[in-house]
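Residue numbers start from 1 in every chain, and the chains themselves are labelled A, B, ... in the order their sequence lines are given, proteins ahead of strands.
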Amino acid sequence: MWLRQAFVVDPSQNLAVERDIVLKDGVIIEIAQNLQPEDVRAVLGLSNSEQIPQVNAAGKYLFPGLVDAHVHLREPGQEDKEDIRSGSRAAVRGGFTSILAMANTKPVIDQRALVEFVRIQGQRAGFAKVYPVAAVTKGFKGTELVEMMDLFEGGAVAFSDDGQGIQNSEIMRLALEYAKLTACPIIAHCEDNNLAGQGVMRRGEASARLGLRGIPASAESVMVARDVLLAGETEGKLHIAHVSTKESVQIIKKAKKLGIDVTAEVNPHHLLFTDEDISLTATAYKVNPPLPTRADQEALIEGLLDGTIDMLATDHAPHTWEDKAKPFAEVPFGINALETALAAVWQGLVAKGKLSIQKLVELWSLKPAQRFGLPAGMLKIGAPADMVLFDPDYKEEISAANLESKSLNTPFLGKEMQGFPVMVWVDGKLLLENRQIIDVKN
Amino acid sequence: MKWKHKDLLDLDVLQAEEIEHILHTAGPMKEILQRPIKKLPTLRGKSVVLLFYESSTRTRTSFETAAKILGADTTNFSVTQSSVNKGESLLDTARTLQAMNVDLVIVRHASSGAADFLAQELRAGVINGGDGQHAHPTQALLDLFTLKEKLGGFQGKKIVIVGDVLHSRVARSNVLGLKKLGAEVVLVGPPTLLPAEMNYLGVKISYDLDAELPGADAVMALRLQLERQQNGLFPSIREYAKLYGLNLERIRKTGKQTVVMHPGPMNRGIEIASDLAESPLSVIDEQVTNGVAVRMALIYLLIGGASSDVA
């Protein structure tokens with residue numbers, strides 16, 4: 001396949017320029033300027049009479065497939081919200097070709113058979129590549145470590161009790177120590193349960209006005225501080241999920257200066273919405289960690305630009321319509337994000353000149369691929385042809401009719417957004433064309 | 001004045017004139033309440049549902065009395081004996097009521113925003129009878145009515161509200177109303193129950209009751225939820241009563257014939273001493289009477305006018 005005149009953005013090669021790309025057997029075999037048909041025939045080994053399948057990509061960007069380090073696919077156990085197939089289709093539709101599936105399913109992913117199940121379900125579906133994250137503690141109880149080596153051998157790429165914080169500091173310390181056997185990071189969901197209490201949004205004037213119970217910023221920040229200290233002490237590998245406070249950013253910055261092996265992610269909704277956007281009936285905005293204050297948001301964007309925060313991640317958390325059709329305090333936390341996140345960041349940050357395209361791709365493809373050791377994040381010769389053709393002008397209304405996810409809990413529902421993937425390949429296989437998923441029989 | 005609201009969820013959306021209009025309408029309602037035969041045909045054929053998810057004899061009875069005096073039919077949707085106990089969601093309950101074509105739903109619920117949620121789902125009018133920590137607009141209106149009767153007006157009047165402001169829907173709605181009508185409000189309580197974020201209300205916040213009492217035209221004690229102490233928000237009932245409890249001797253510091261209010265039910269000897277509650281300064285019983293009058297006014301305004309009045 002010959003992809004012509006794409007504007008290729010690949011931070012791994014410091015590339016942001018028009019290029020032609022040739023694929024064969026799921027791999028990139030040529031990347032060069034202005035190729036001629038005879039060049040392409042030569043690399044593909046085609047005779048002069050054979051047609052070259054080609055795509056005209058002029059005016060569009062080509063990114064390495066995006067890598068999302070934080071996705072909830074709900075299978076096994078809550079398939080009414082999402083399953084591995086629907087979630088990995090939604091991923092492809094959103095431009096993500098590799099996703100990390102969190103372990104807070106029912107049952108939680110704390111045994112090798114379950115890790116293998118998630119991995120194999122991902123392969124069966126055949127859309128985005130699904131990499132399982134295994135639990136840190138058995139049953140998410142926060143008391144006993146899982147069999148990390150066995151889970152690692154079964155395909156886990158990281159360990160996390162995401163969905164709840166590990167309250168016992170000694171267990172967290174032991175996890176960071178023991179996980180060294182696997183070289184996988186521990187992904188920390190930083191939340192002190194006592195400080196968070198029964199809170200449903202960020203504690204502050206907005207929560208006071210709405211009469212909603214508040215979660216103080218410290219509920220996250222004290223755990224970020226604890227976990228970087230433990231990572232420093234153990235020399236373990238720590239990744240902080242969904243950073244949402246100014247103080248967390250400051251702590252991570254300091255930790256990096258001290259040489260602690262810590263990375264961090266931020267979710268688009270924390271960069272684009274604040275606690276002031278919440279109203280009593282806007283349950284799609286209820287998320288954990290809660291939407292930040294304006295000052296926190298500015299610190300998050302600054303941290304993203306100065307390298308304190310390493311990557312973007314969606315924290316895609318699908319919930320059914322009836323889950324969210326309740327009073328604010330009673331609905332579950334979570335935003336459905338895979339199919340809107342890229343357009344949201346494009347419109348909210350890139351189009352406004354706050355984030356460069358190169359940085360966007362670095363944050364959402366190269367960096368997560370590197371941190372979690374995935375074969376992704378670059379468009380070099382020999383690399384798997386996981387690619388996104390992105391049209392910055394494409395507009396679409398977010399609606400139940402066009403979402404691949406089973407759930408609709410997005411603040412963007414009913415709104416028109418701009419900047420979407422128009423073609424997506426995984427291992428050279430075209431899985432999205434004209435914003436439609438292509439069904440493939442495996 | 002033409003009434004243009006379908007619901008009453010909180011006082012934030014009302015103009016000062018609209019609040020005055022409710023208080024003005026409540027005046028004749030209070031007279032009706034004093035009559036030997038308390039029954040009007042005004043709302044005959046209108047159906048009012050009382051949907052109380054939190055137990056509340058006082059507020060529910062007040063609404064029910066108000067609706068019945070006006071001639072409406074009332075139905076108590078008693079949550080403990082209903083489909084809610086079978087796991088029906090608030091949404092499905094709302095749709096059931098809608099299908100019965102009721103005219104007005106009065107809801108009390110432990111979740112902030114429950115009334116807003118119902119109002120969004122129902123064509124019928126909704127009155128918020130108290131939602132979580134968010135709002136209790138009819139309590140605020142009856143307090144405003146009482147204050148207006150006693151003080152004549154609000155301009156230049158100093159109103160001290162003391163107690164668990166953080167968790168109080170009564171305090172929130174009262175401050176909104178009092179500010180709109182031009183009163184000076186001071187909130188008093190311990191820092192754990194009156195944290196910095198309550199500054200959103202834009203009124204003075206103080207931890208020292210005795211310092212704020214001089215010059216107060218009215219003092220409103222809030223009910224203390226005793227489980228707050230178990231949650232560590234203050235060290236003991238004893239210390240709370242000592243610092244923030246109202247009593248006859250303390251109230252003299254105002255230097256005025258101060259109006260003493262409490263939304264009830266009272267914890268006697270904690271936020272208010274019996275010597276004060278039973279004194280002539282106390283208007284606590286009148287607040288209850290005025291509650292019926294104000295609720296009559298509201299129900300009348302919401303469903304009593306020509307149907308074209310409903311926006």
Is it the side chain or the backbone of B:Arg169 that comes within 4.5 Å of chain A heavy atoms, both, or neither? neither

Given B:His167, which of B:Arg223, B:Arg228, B:Gln133 fulfils the side-chain hydrogen bond (donor to acceptor under 3.5 Å, both in side chains) condition? B:Arg228

Sort by residue number and list every member of residues 274-300 of chain A having a non-hydrogen atom under 4.5 Å from chain B. A:Leu280, A:Thr281

Suppose we screen for salt bridge (charged side-chain N to carboxylate O under 4.0 Å, His left out). Which residues come up paired with A:Asp192, at least two apart in sequence or across chains? none

Considering all heavy atoms of both residues, which atom of A:Thr245 and which atom of A:Ser248 are nearest to each other, and what is their separation? OG1-OG, 2.8 Å

Can you name the closest pair of heavy atoms from A:Met223 and A:Ile166 and give their distance? CE-O, 3.5 Å

Who in residues 100-122 of chain B is close to chain A, using a strict under-4.5 Å heavy-atom cut-off? B:His109, B:Ser111, B:Ser112, B:Gly113, B:Ala114, B:Asp116, B:Phe117, B:Gln120

Closest heavy-atom pair, B:Val188 versus B:Glu212, reported as atoms and distance to 0.1 Å, is CG2-CG, 3.9 Å

Within residues 197-220 of chain A, which positions have a heavy-atom distance to chain B below 4.5 Å? A:Arg203, A:Gly204, A:Glu205, A:Ala208, A:Arg209, A:Leu210, A:Gly211, A:Leu212, A:Arg213

Report the distance from atom CD1 of B:Ile159 to atom CG of B:Leu147, rounding to the nearest 0.5 Å. 5.0 Å

Taking all non-hydrogen atoms of both residues, which atom of B:Asp143 and which atom of B:Gln287 are closest, and how far apart? OD1-NE2, 2.8 Å

Nearest-0.5 Å distance, CG of residue B:Asn76 to CZ of residue B:Phe52: 8.5 Å

Neighbour count above 12 (heavy atom, 6.0 Å) for A:Glu302 CD: no

Pair B:Phe77 and B:Tyr53, ring centroids less than 6.0 Å apart: no

Using side-chain hydrogen bond (donor to acceptor under 3.5 Å, both in side chains) as the criterion, point out the one residue from A:His316, A:Arg74, A:His319, A:Lys406 that pairs with A:Glu82. A:His316

Please verify the inter-ring angle class for A:His242 with A:His70; under 30° counts as parallel, over 60° as perpendicular, anything in between as tilted. tilted

In terms of heavy-atom proximity below 4.5 Å to chain A, should B:Leu166 be classed as side chain, backbone, both, or neither? side chain

Provide the closest heavy-atom pair for A:Glu79 versus A:Gly77 in the form atom of the first, atom of the second, distance. OE2-N, 3.0 Å

Which atoms form the tightest heavy-atom contact between B:Leu14 and B:Glu18, and what is the distance? CA-OE1, 3.3 Å

